[in-house]
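When a residue number appears, it is its place in the shown sequence, counting from 1. Since the structure is predicted, the reported quantities are computational estimates derived from the model, not experimental observations.
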Amino acid sequence: MTVDPRTGGSAPPEPPPYRIGRARAVLRALAMVSCVPYIALKTAWMAGSRLGVPDGSALLDGGTALRVANGATVLMDGAVIALALLLTRPWGRRVPAWLLVLPMWVASGLLLPIMTAFPVQMLVRLLGGGGGRPVGEGTSEPFLDPWVFGVVYGGFIVQGLALGALFALYARERWGRLWQGRLRDLPESPTSPALRATAVAAASASLLPGVTHLLWVTGSTAGLNAGRAADRTSDFYVMETVSLLFVVVTAAGVLLVAFRRTGRIPLRLPLVLAWAGSAQMACWGGWLSVAALMGAGEAADRPTAATMVTYAVQMLAGALVVTLGAYFFAERAAASALPPAAPAPAAADRVS
């Protein structure tokens, strides 16, 4: 016991030193180290290196715009390092919820499509799928040397796994009470009709990108520019299948939470579905929109109006779902902070 020199009385014991455990330390190291290959490559390209860039690649003609884009993506990957520290340092427990949740949601949306599609693309290729090339390779000239995709996407997969595990552990300790129980345990609230209407709007908005991805998966070229239509490979079909899957997952998750028809399902399952699906739809749709506009050169490579509308509606649906989730968790947090209701008085106590 220590003595408080100001009062002469006993002082409260000092808090134990902050420890994260070996598992979290390893996950943090993996997340940070896996950023090095991407950041090193991008930095080298900004400095003028042609490492991994073959002759005839469109990257050689990128100029200042490409350097700015490379700098932006370096900062984005650097944010993974910041998140890994935030999730494992004592000051990370004091940051506002939105300052952590929003970047994690964006990171989920950008990493999940690669984490799911790239391994399947490699498997299809090993099984003899013809014409498969890594996503991002050009139609006429090689975009990057093949080894670059393995190094970069492999790093992204490690980043996603490590960062996802760290966030799951962090969120369970800080907010785990908000998704305990089953769907049938959710109480009704005055905002339930508005939440259900928003869920229906989000699911309805998902129909357009869902139908579009389904058409592309089944071989249709509707809405594709000439260059993209000519460049459809096994990789294209895998990515479109994954995109369709995330659309379905988004609609299923948000409708389950809103209408709660299957009460035996744990609450965390539809919440995870809605998180992953909305992040992929909004963030990946936004990324593809920017990439399509930046890569628009010749007429055959310019994005069609149908493609841009599909991505825009996809982003809208994802934004609706994450907005719904923010209101849902705010309401749950407010309810959990309220003191328990006093029991109703007995009949004898009510007699004056």
Side-chain angles (χ1 to χ4, degrees), residues 26-62 65-85 103-104 106-129 131-167 231 233-239 242-243 280 283-284 287-288 290-291 294-295:
V26 171
L27 289 170
R28 179 177 63 190
L30 283 174
M32 298 172 71
V33 171
S34 62
C35 296
V36 173
Y38 186 78
I39 293 176
L41 272 173
K42 290 283 187 172
T43 304
W45 292 342
M46 287 189 292
S49 173
R50 293 183 54 178
L51 178 64
V53 182
D55 293 334
S57 172
L59 292 176
L60 300 177
D61 302 322
L66 183 59
R67 290 190 179 91
V68 172
N70 283 336
T73 51
V74 166
L75 292 177
M76 291 171 63
D77 214 39
V80 173
I81 298 176
L83 285 172
L85 292 172
M104 277 300 309
V106 173
S108 300
L110 296 177
L111 292 174
L112 279 172
I114 297 172
M115 295 170 63
T116 50
F118 188 65
V120 177
Q121 290 172 344
M122 296 298 100
L123 179 61
V124 169
R125 200 170 308 172
L126 289 174
L127 295 177
R133 287 178 290 179
V135 174
E137 197 169 357
T139 58
S140 57
E141 297 289 348
F143 188 73
L144 287 169
D145 289 338
W147 65 266
V148 175
F149 293 97
V151 170
V152 170
Y153 288 170
F156 285 163
I157 291 173
V158 175
Q159 289 175 35
L161 293 174
L163 204 60
L166 286 174
F167 180 66
D231 195 36
T233 65
S234 60
D235 289 351
F236 169 85
Y237 290 108
V238 169
M239 183 58 75
V242 167
S243 297
Q280 190 275 344
C283 302
W284 192 250
W287 179 260
L288 291 178
V290 173
M294 289 187 62

Separation between NZ of Lys42 and CG of Leu66, rounded to the nearest 0.5 Å: 7.0 Å

Separation between CE of Met46 and CG of Leu41, rounded to the nearest 0.5 Å: 11.0 Å

Test side chain to side chain donor-acceptor pair (under 3.5 Å) applied to Gln159 - qualifying residues, sequence neighbours left out: Asp77

Tyr237: ring-ring contact (aromatic ring centres under 6.0 Å, His included) partners, not counting sequence neighbours: none

side-chain contact (heavy atoms from CB on, under 4.5 Å) partners for Val26, two or more places apart: Arg22, Leu30

Partners passing side-chain contact (heavy atoms from CB on, under 4.5 Å) against Leu123 (at least two apart in sequence or in another chain): Leu127

Side-chain donor/acceptor of Trp45 to backbone N/O of Arg67, under 3.5 Å: no

Parallel, tilted or perpendicular, as decided by the 30° and 60° cut-offs, for the rings of Tyr153 and Phe118: perpendicular

Results of side-chain contact (heavy atoms from CB on, under 4.5 Å) for Val33 - residues two or more places apart only: none

Salt bridge (charged side-chain N to carboxylate O under 4.0 Å, His left out) partners for Arg50, two or more places apart: Asp55

Inter-residue atom distance Leu51.CG - Thr43.OG1, 0.5 Å rounding: 12.0 Å

Side-chain heavy atoms of Phe149 within contact of Leu144, under 4.5 Å: yes

Residue pair Val106 / Cys283: nearest heavy atoms and the distance that separates them: CA-SG, 3.6 Å

Phe167 and Leu83: CA distance, side-chain angles, deciding distance, side chain to side chain contact (heavy atoms under 4.5 Å, CB included) verdict: CA-CA 9 Å; Phe167 180 66; Leu83 285 172; over 6 Å; no

Between CG on residue Leu161 and CE on residue Met115, distance to nearest 0.5 Å: 4.0 Å

Sub-4.5 Å side-chain heavy-atom contact between Val74 and Asn70: no

Step-by-step side chain to side chain contact (heavy atoms under 4.5 Å, CB included) determination, Asp145 to Val53: CA-CA 6 Å; Asp145 289 338; Val53 182; over 6 Å; no

Test side chain to side chain donor-acceptor pair (under 3.5 Å) applied to Ser34 - qualifying residues, sequence neighbours left out: none

Ile114 and Trp284, any side-chain heavy atoms less than 4.5 Å apart: yes

By side-chain contact (heavy atoms from CB on, under 4.5 Å) - contacts of Leu75 (at least two apart): none

Criterion side chain to side chain contact (heavy atoms under 4.5 Å, CB included) on Val242 and Val120, from CA distance to verdict: CA-CA 10 Å; Val242 167; Val120 177; 5.6 Å; no

Side chain to side chain contact (heavy atoms under 4.5 Å, CB included) assessment of Leu110 paired with Met76: CA-CA 10 Å; Leu110 296 177; Met76 291 171 63; 3.3 Å; yes

